[in-house]
Amino acid sequence: MNIALMSHDRKKELMVQFCIAYCGILSKHTICATNTTGRLVAEATGLPVQLFLSHEHGGSQQIGARIAYNEIDMVLFFSDPQSNDLDSDLKYITRLCDQYNIPVATNVATAEMLIHGLERGDLDWRDIINPKTKPFTA
């Protein structure tokens, strides 16, 4: 599964701690993230993380495009309810996740439910309902 990580500034440390706690599960999957969040997670966990641009430079749009092209299977976007700075990014990503049936967590409680479901195989339906297309080879 392809998992996208995003977090508001005040939730970055929580994302890092979450990824440390669930490193064993996450290591079995492909992780991508916006730049700062991804760098912090990679440094703390040693997990390989594909880095996109920071949110200021279009990282949310890059992840959004991958959601629309069925290249993301789960989004963990830890949001800060006290911040209005990134409301448009959060709405954009959650709207796309709703449109394309991508599981999304905006807080650690929901993220834990999703990560345990991922470990049990509860999200395997993604490969049945939305099979990944193999790239064209000449």
Side-chain angles (χ1 to χ4, degrees):
M1 296 274 169
N2 297 319
I3 303 168
L5 306 178
M6 305 169 78
S7 60
H8 287 154
D9 287 343
R10 292 174 56 187
K11 297 293 181 170
K12 290 192 188 317
E13 182 58 30
L14 179 60
M15 179 64 79
V16 168
Q17 294 302 319
F18 178 86
C19 291
I20 289 170
Y22 293 106
C23 188
I25 297 169
L26 292 170
S27 68
K28 299 172 187 166
H29 302 279
T30 303
I31 309 297
C32 65
T34 49
N35 195 285
T36 306
T37 300
R39 236 181 339 94
L40 291 170
V41 167
E43 289 170 4
T45 63
L47 291 170
V49 178
Q50 179 185 358
L51 298 178
F52 293 120
L53 298 172
S54 63
H55 84 89
E56 299 94 2
H57 296 105
S60 296
Q61 286 74 22
Q62 287 179 302
I63 290 175
R66 279 158 180 82
I67 291 169
Y69 281 101
N70 194 37
E71 296 173 2
I72 300 291
D73 297 298
M74 179 191 304
V75 175
L76 305 179
F77 190 154
F78 288 1
S79 66
D80 178 6
Q82 304 299 318
S83 171
N84 294 328
D85 293 359
L86 303 176
D87 275 353
S88 61
D89 285 344
L90 181 60
K91 286 179 186 175
Y92 170 68
I93 293 298
T94 56
R95 185 177 297 125
L96 283 170
C97 287
D98 287 346
Q99 182 176 351
Y100 293 100
N101 294 312
I102 307 298
V104 61
T106 58
N107 61 65
V108 70
T110 307
E112 285 193 4
M113 297 299 291
L114 287 179
I115 207 81
H116 286 297
L118 179 66
E119 183 179 34
R120 282 191 310 264
D122 295 349
L123 300 175
D124 291 350
W125 63 269
R126 288 267 319 138
D127 287 331
I128 297 167
I129 303 295
N130 299 314
K132 310 279 184 301
T133 57
K134 297 188 190 258
F136 177 77
T137 54

(request) With rounding to the nearest 0.5 Å, note down the distance linking CD1 in Ile93 to CD1 in Ile72. (result) 9.0 Å
(request) Return yes if some donor-acceptor pair links the side-chain N/O of Thr94 with the main-chain N/O of Leu90 below 3.5 Å, else return no. (result) yes
(message) What's the separation between atom CG in Leu123 and atom CE in Met74, rounded to the nearest 0.5 Å?
(response) 4.5 Å
(message) Hydrogens and angles aside, do Thr37 and Ser7 bring a side-chain donor and acceptor to less than 3.5 Å of each other?
(response) yes
Can you give each donor-acceptor pair under 3.5 Å made by side-chain atoms of residues 39-46, sequence neighbours left out, with the distance rounded to 0.1 Å?
{"residue": "Arg39", "atom": "NE", "partner": "Asn35", "partner atom": "OD1", "Å": "3.3"}
{"residue": "Thr45", "atom": "OG1", "partner": "Val41", "partner atom": "O", "Å": "2.6"}
{"residue": "Thr45", "atom": "OG1", "partner": "Leu47", "partner atom": "N", "Å": "3.1"}

(request) State whether the side chain of Gln62 and the backbone N or O of Leu53 hold a donor-acceptor pair below 3.5 Å, judged by distance alone. (result) yes
(request) Could you list the residues that satisfy side-chain hydrogen bond (donor to acceptor under 3.5 Å, both in side chains) with His29, not counting sequence neighbours? (result) none
(message) When you group the ILVMFWY residues by side-chain heavy-atom contacts below 4.5 Å and let the links chain together, are Ile20 and Met15 in the same group?
(response) yes
(request) With sequence neighbours left out, write down each residue that passes side-chain hydrogen bond (donor to acceptor under 3.5 Å, both in side chains) with Thr34, or none if nothing qualifies. (result) none
(request) With sequence neighbours excluded, tell me which residues meet ring pair (Phe, Tyr, Trp, His ring centres under 6.0 Å) with Phe78. (result) Phe18
(message) If you define the side chain from C-beta out and look only at heavy atoms, does anything of Leu5 sit under 4.5 Å from Cys19?
(response) yes
(message) Rounded to the nearest 0.5 Å, what separates atom CD1 in Ile31 from atom CD in Gln50?
(response) 11.0 Å
(request) Mind checking side-chain hydrogen bond (donor to acceptor under 3.5 Å, both in side chains) for Lys11 and listing every partner two or more places apart, or none if nothing turns up? (result) none
(request) Please check if the side chain of Ser27 supplies one atom and the backbone of Gly24 the other of a donor-acceptor pair under 3.5 Å. (result) yes
(request) Nearest 0.5 Å please: distance from the CG atom of Asn101 over to the CG atom of Asp73. (result) 12.0 Å
(message) Among residues at least two apart in sequence or on other chains, which ones pass salt bridge (charged side-chain N to carboxylate O under 4.0 Å, His left out) with Arg10?
(response) Asp80
(message) Applying ring pair (Phe, Tyr, Trp, His ring centres under 6.0 Å), can you list everything that pairs with His57, at least two apart in sequence or on another chain?
(response) none
(request) Tell me, please, which residues at least two apart from Gln61 pass side-chain hydrogen bond (donor to acceptor under 3.5 Å, both in side chains). (result) none
(message) Measuring from atom CE of Met6 to atom CZ of Phe52, what distance do you get when rounded to the nearest 0.5 angstrom?
(response) 10.0 Å
(message) Give me the atom names and distance for the closest heavy-atom approach of Ala33 to Gly38.
(response) CB-CA, 3.5 Å
(message) Would you compute the distance between atom CD1 of Ile102 and atom SG of Cys97 and round it to the nearest 0.5 angstrom?
(response) 6.0 Å
(request) Among residues two or more places apart or on two chains, list those pairs meeting salt bridge (Lys or Arg N to Asp or Glu O under 4.0 Å) that have a residue in residues 96-121. (result) Arg120-Asp122
